[in-house]
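One-based numbering, in listed order, for ligands and for the atoms of each.
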Amino acid sequence: MVNNLKGIAASDGIAIAKVYLLTEPDLTFEQVEGVDVEVEAKRLDDALLQTQAQIQDIRETALTRLGEEEAKVFDAHLMVASDPELIDQVKSTIKSDQINAEAALHNVSQMFIQMFKSMEDNPYMQERAADIKDVSERILANLLGVKLPSPASIKEEVIVVAHDLTPSDTAQLDRKYVKGFVTNIGGRTSHSAIMARSLEIPAIVGTGSIVESVKDGDIVILDGLDGVVHINPTTELREDYEQKGAEFEQLRQEWAKLVHAETKSKDGKSFELAANIGTPKDLTGAIENGAEAIGLYRTEFLYMDSQDFPTEDEQFEAYKAVLEGMNGHPVVVRTMDIGGDKELPYLSLPEEMNPFLGYRAIRISLNEPDMFRTQLRALLRASVFGKLRIMFPMIATLNEFRGAKALFEEEKANLINEGVKVSEEIELGIMIEIPAAAVLAHQFAKEVDFMSIGTNDLIQYTMAADRMNEQVSYLYQPYNPSILTLIKHVIDSAHKEGIWAGMCGEMAGDQTAVPLLMGLGLDEFSMSASSVLKTRSLMSKLNYEDMKQLAEKAINECTTVEEVIALVEEAKKSI
Ligand code: PEP
Ligand code: MG
């Protein structure tokens with residue numbers, strides 16, 4: 001039996017609580033023939049009542065925690081759970097074939113699922129198939145007496161353990177009860193990790209086998225600082241960790257004093273510290289953590305949390321809320337970045353061998369101009385409510401930027417013609433997350449208003465190492481001299497053309513990277529809100545002039561990551 005497991009520290013903090021295993025339930029059953037038809041019909045009715053009550057419960061939770069839009073999914077589920085056509089067919093199958101309720105339900109629901117699924121061009125029908133699958137699994141679980149895990153219904157303090165968490169699983173976690181989570185797969189930049197940091201709950205990902213190593217109710221210590229999980233610890237170890245947790249809390253309180261402080265190096269050079277957000281709801285965390293701007297608003301969550309393409313008005317409301325909430329401080333809104341590990345059920349994307357190298361982000365937007373124009377119009381309309389900067393993701397070529405800019409200009413002219421007011425101050429920028437764009441940053445810098453380095457992708461593409469694959473996570477090397485050299489080229493190119501360079505990948509909040517990035521002259525650092533204050537604290541203790549030398553040395557003299565880390569550690573000792 002293992003008593004501890006190492007993983008990747010994905011979100012700071014210490015938590016001690018019971019395990020809540022979020023695993024795929026075992027719903028296998030035998031087909032039984034020659035059954036008592038009345039008994040089986042009654043079992044089905046009972047399971048249906050139970051199912052309806054459970055869905056109602058989840059719906060209530062989703063409504064209070066997430067809002068009307070998210071709760072709508074469960075309305076559709078309730079309709080399936082009481083759909084007379086489906087129920088009658090299951091009952092008549094029990095009768096005609098004299099088989100148990102489980103088998104009858106399975107046969108009928110499969111028939112409906114296949115029927116809806118075959119209507120490939122109709123996203124609505126695809127959704128219906130997904131609803132029927134979901135609900136029939138729940139009915140089956142109730143027939144079998146199996147408890148289905150549901151992150152939204154957790155009502156006691158737990159640490160969630162799962163093979164992986166999808167963005168929608170993570171969105172359902174309530175930080176009041178969920179004290180942290182641990183997964184088998186994933187890396188520091190997988191979206192579950194990013195969500196954990198925005199929820200400000202400790203998390204460890206990529207442990208390889210946590211699901212196989214614990215059972216429901218085990219006590220675990222989640223050390224999100226060092227990336228270690230201790231399973232059923234001794235009282236002594238538990239006390240040590242309670243102490244460590246308290247010390248970390250104290251440090252947090254120290255950082256909290258810097259909420260309204262300016263971001264400056266010890267020798268007075270200013271930097272902009274911004275936060276990354278996924279939804280307007282994350283704004284509170286960003287402001288409470290003292291972010292001076294929003295450096296990345298990932299708008300794809302607006303699409304992913306919706307049952308269909310969000311309308312222009314829905315998008316306008318979301319963008320307006322963020323711009324107004326930031327009260328004149330800059331907001332970088334990134335246009336939709338679907339693809340890679342972010343799916344959109346109603347935009348049936350093709351199965352791909354290499355989704356991260358496939359059809360995603362700006363590639364989709366330029367190929368689906370109607371969808372893209374809707375987003376641009378919503379942004380333009382919202383622009384009068386604050387200081388808007390629009391950023392295009394996954395730009396590989398200048399032509400892609402020019403194409404996106406042309407659509408932006410067209411929609412701007414259209415709106416003006418329609419008599420709608422738009423801001424004349426909108427900056428248009430790009431993410432530098434593809435090596436081709438980093439290498440040609442000096443050319444991009446002549447045409448864009450800003451460049452923000454997306455290191456999560458830039459590192460995976462430069463090192464050819466999937467950011468989701470923990471087996472190659474050792475190659476996720478932010479301080480590799482090759483990465484630092486690319487970053488330097490981007491920053492120098494921006495400055496040469498008189499524009500600013502930022503970073504919105506997770507590296508911007510990495511405490512070993514920050515001294516190097518300061519030295520390279522990065523203007524804006526955008527990170528998970530929970531990293532803002534500790535970064536401000538670190539920056540205030542370092543001299544910019546010294547960091548310039550440090551960065552130069554790292555790039556010119558170091559040949560390995562280990563050498564760079566040693567160099568930074570040495571420099572940090574003097575603070
Ligand atoms: C990045 O690639 O660094 C980035 C910020 O984008 P995302 O993590 O959303 O791909
Ligand atoms: Mg990216």
Do the side-chain N and O atoms of E288 and T284 include a donor-acceptor pair separated by under 3.5 angstrom? no
Among E425, E524, E272, find the residue that satisfies the salt bridge (Lys or Arg N to Asp or Glu O under 4.0 Å) test when tested with R389. E272
Can you tell me how far the CG atom of N289 sits from the CH2 atom of W255, to the nearest 0.5 Å? 11.0 Å
Select all protein residues for which some heavy-atom-to-ligand 1 distance is less than 4.0 Å, and list them by chain and number. H191, L296, R298, R334, D337, K342, R360, M431, E433, G454, T455, N456, D457, R467, C504, G505
Metal proximity, D457 vs the Mg ion (ligand 2), N/O/S cut-off 2.8 Å: yes
In residues 509-520, what donor-acceptor pairs under 3.5 Å come from side-chain atoms, sequence neighbours left out?
from: D510; atom 1: OD1; to: Y479; atom 2: OH; distance (Å): 3.0
from: D510; atom 1: OD1; to: T512; atom 2: N; distance (Å): 2.8
from: D510; atom 1: OD1; to: A513; atom 2: N; distance (Å): 3.2
from: D510; atom 1: OD2; to: Y479; atom 2: OH; distance (Å): 2.8
from: Q511; atom 1: NE2; to: G509; atom 2: O; distance (Å): 3.0
from: Q511; atom 1: NE2; to: T535; atom 2: OG1; distance (Å): 3.1

Within this structure, what is the CD1-CG distance for the pair I432 and L440, rounded to the nearest 0.5 Å? 9.0 Å
Specify whether Y297 and Y319 have parallel, tilted or perpendicular ring planes, treating 30° as the upper limit for parallel and 60° as the lower limit for perpendicular. perpendicular
Donor-acceptor check, side chain of T299 to backbone of R334, threshold 3.5 angstrom: yes or no? yes
Between the Mg ion (ligand 2) and E433, which N, O or S atom of the residue is the nearest one? OE1
